[in-house]
Amino acid sequence: MKHLQFNNGDKMPALGLGTWKSAKGEVYEVIRKAIEIGYRHFDCAFIYGNEHEIGQAISDAIKNNEVTRNELWITSKLWNNRHKKEHIQAAVEVTLHDLQLDYLDLYLIHWPVVHKYDVSYPENGSELVSLNEVPLSETWQGLVELKEKQLTKHIGVSNFSIKKINQITEKTGVLPEVLQLESHLFLQQKQILSFTQEKGIFLTAFCPLGSADRPASRISEGEPKLFENQTIIEIAQEKQQTPAQIMLAWAVNRGTSVIPKSVNPQRLKENLASADIELSSTEMAKLNDLDIHYRYIKGDFWCLKGSDYTIENLWDE
Ligand SMILES: NC(=O)C1=CN([C@@H]2O[C@H](COP(=O)(O)OP(=O)(O)OC[C@H]3O[C@@H](n4cnc5c(N)ncnc54)[C@H](OP(=O)(O)O)[C@@H]3O)[C@@H](O)[C@H]2O)C=CC1
Ligand SMILES: O=C1CO[C@H](CO)[C@@H](O)[C@@H]1O
């Protein structure tokens, strides 16, 4: 498995398993199967509501000598209602308890958005808290301290713009090690990728297959579908691979890590195998031309009337 190597020698496997929407009652078997077929990188989050079951699967696989803790790369994320400095350590401790781990490999700030403490999903602007009140640099400093306490080996951010990364870095003097964001052939994030490469930040691509199983409320009518794209289909046919494998191989071939979600044993295998597919410079050039800057996870659900969050200041575009 290709990997991204950190300054201290730690290696993040280039292809990991996404776990958003992997349902309780189902995800235990999925994780056991994934470990059996060779997955070593798992992308989790408190808000996915399934860390307890994932933890049980990891713990059982370790007890059963199928894998060691050292061989695994486990990411989790701080939810938006725990951004205040006094809440951060307790939040990671809940995640560590649920995952049955002593440390995470990577902990991320999930969104540059703050909710009130008892609000998981805000329904109106009064349930959101301004970044002027709880600045991202305060939350980032909290993650820096978690790393110092060895509760996580690496720290990073998710859904952050270049401007927000610069802000937290200037305030704390500490650069994120990883930026996780939506990236796929229709949203290639070329400017952010060059910024991160210049700074030595690794990029992890989420929704690499277009996230077709998102909640219906987050699907826009007539949105472009990666699986219907002719260039992807033709390259897949020529190489005798599947379209999903071409989408994932593109992400790995351009030096990012990528975290497709699946609960289907056949697709788990297919996706894992894509990390070893080499694409020629001609194939990469054709795929690089498919960018249409189309975002599936729009973030408009945070931009509620009565709050100061807007699409413009969320993405800084
Ligand atoms: N930081 C953040 O804010 C976010 C992080 N994420 C992370 O990224 C992960 C991936 O993103 P996600 O939104 O799940 O979407 P993906 O782009 O990974 O797509 C998942 C969908 O694709 C299907 N699928 C998987 N493999 C194949 C295949 N080989 N062929 C055809 N269909 C396939 C899955 O179905 P099936 O399961 O039935 O195989 C599911 O319906 C998440 O699970 C989560 O861990 C996602 C969104 C936001
Ligand atoms: O990671 C993600 C998927 O689930 C979350 C909660 O619904 C999303 O908001 C987020 O983008």
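Note that ligands are numbered from 1 as they come in the structure, with each ligand's atoms numbered from 1 the same way. Keep in mind the model is a prediction, meaning the values are calculated, not measured.
Aromatic ring centres of His115 and Trp302 lie closer together than 6.0 Å. A distance of 6.0 Å or more separates the ring centres of Trp73 and Phe202. A ring-centre distance under 6.0 Å is not found for Phe301 and Tyr121.
Residue Phe206 places no heavy atom under 4.0 Å from ligand 2. Not a single heavy atom of Lys21 sits under 4.0 Å from any atom of ligand 2. Remark: distances from the non-hydrogen atoms of Lys261 to ligand 2 are all 4.0 Å or more.
Those atoms of ligand 2 with a heavy atom of Trp20 less than 4.0 angstrom away are 3 (C), 4 (O). With ligand atoms numbered from 1 in the order given, ligand 2 contributes 6 (C), 7 (O) to contacts under 4.0 Å with heavy atoms of Tyr121.
Both tests hold for Lys153 against Tyr103: distance to the six-membered ring centre under 6.0 Å, angle to the ring axis within 45°.
Under the side-chain contact (heavy atoms from CB on, under 4.5 Å) criterion, Asn64 pairs with Arg32, Glu66, not counting sequence neighbours.
Residue contacts with ligand 2: Trp79 is placed with no nitrogen or oxygen under 3.5 Å of a nitrogen or oxygen of the ligand (distance criterion only). Checking only distances, Trp302 never comes within under 3.5 Å of ligand 2, N or O to N or O.
A salt bridge is absent between Asp105 and Lys11; no separation between the charged side-chain nitrogens and carboxylate oxygens falls under 4.0 Å. Taking a cutoff of 4.0 Å between a charged side-chain nitrogen and a carboxylate oxygen, Glu145 and Lys85 do not qualify as a salt bridge. Residues Arg295 and Glu317 are paired through a salt bridge, judged by an N-O separation under 4.0 Å between the basic side chain and the carboxylate. Comment: Glu278 engages Lys2 in a salt bridge, judged by a side-chain N to carboxylate O separation of less than 4.0 angstrom.
Closest heavy-atom approach to atom 11 (O) of ligand 2 among the candidates Phe46, Tyr48, Trp111: Trp111.
Residue contacts with ligand 2, taken as heavy atom pairs separated by less than 4.0 Å, involve Arg218 solely via side-chain atoms from C-beta onward. Of all the heavy atoms of Lys77, none lies under 4.0 Å from any atom of ligand 2, so neither backbone nor side chain is involved.
Using cut-offs of 30° and 60° for the angle between ring planes, the Tyr294 and Tyr296 rings count as perpendicular.
Sorted by chain and number, the heavy-atom contacts of ligand 1 below 4.0 Å come from Gly18, Thr19, Trp20, Lys21, Asp43, Tyr48, Lys77, His110, Trp111, Ser158, Asn159, Gln180, Phe206, Cys207, Pro208, Leu209, Gly210, Ser211, Asp213, Phe227, Ala244, Ile259, Pro260, Lys261, Ser262, Val263, Asn264, Arg267, Glu270, Asn271.
Taking each heavy atom of Met1 and Pro13 in turn, the nearest pair found is CG-CB, 3.8 Å.
Ranking the protein heavy atoms by distance from atom 2 (C) of ligand 2 puts His110 NE2, 3.4 Å first.
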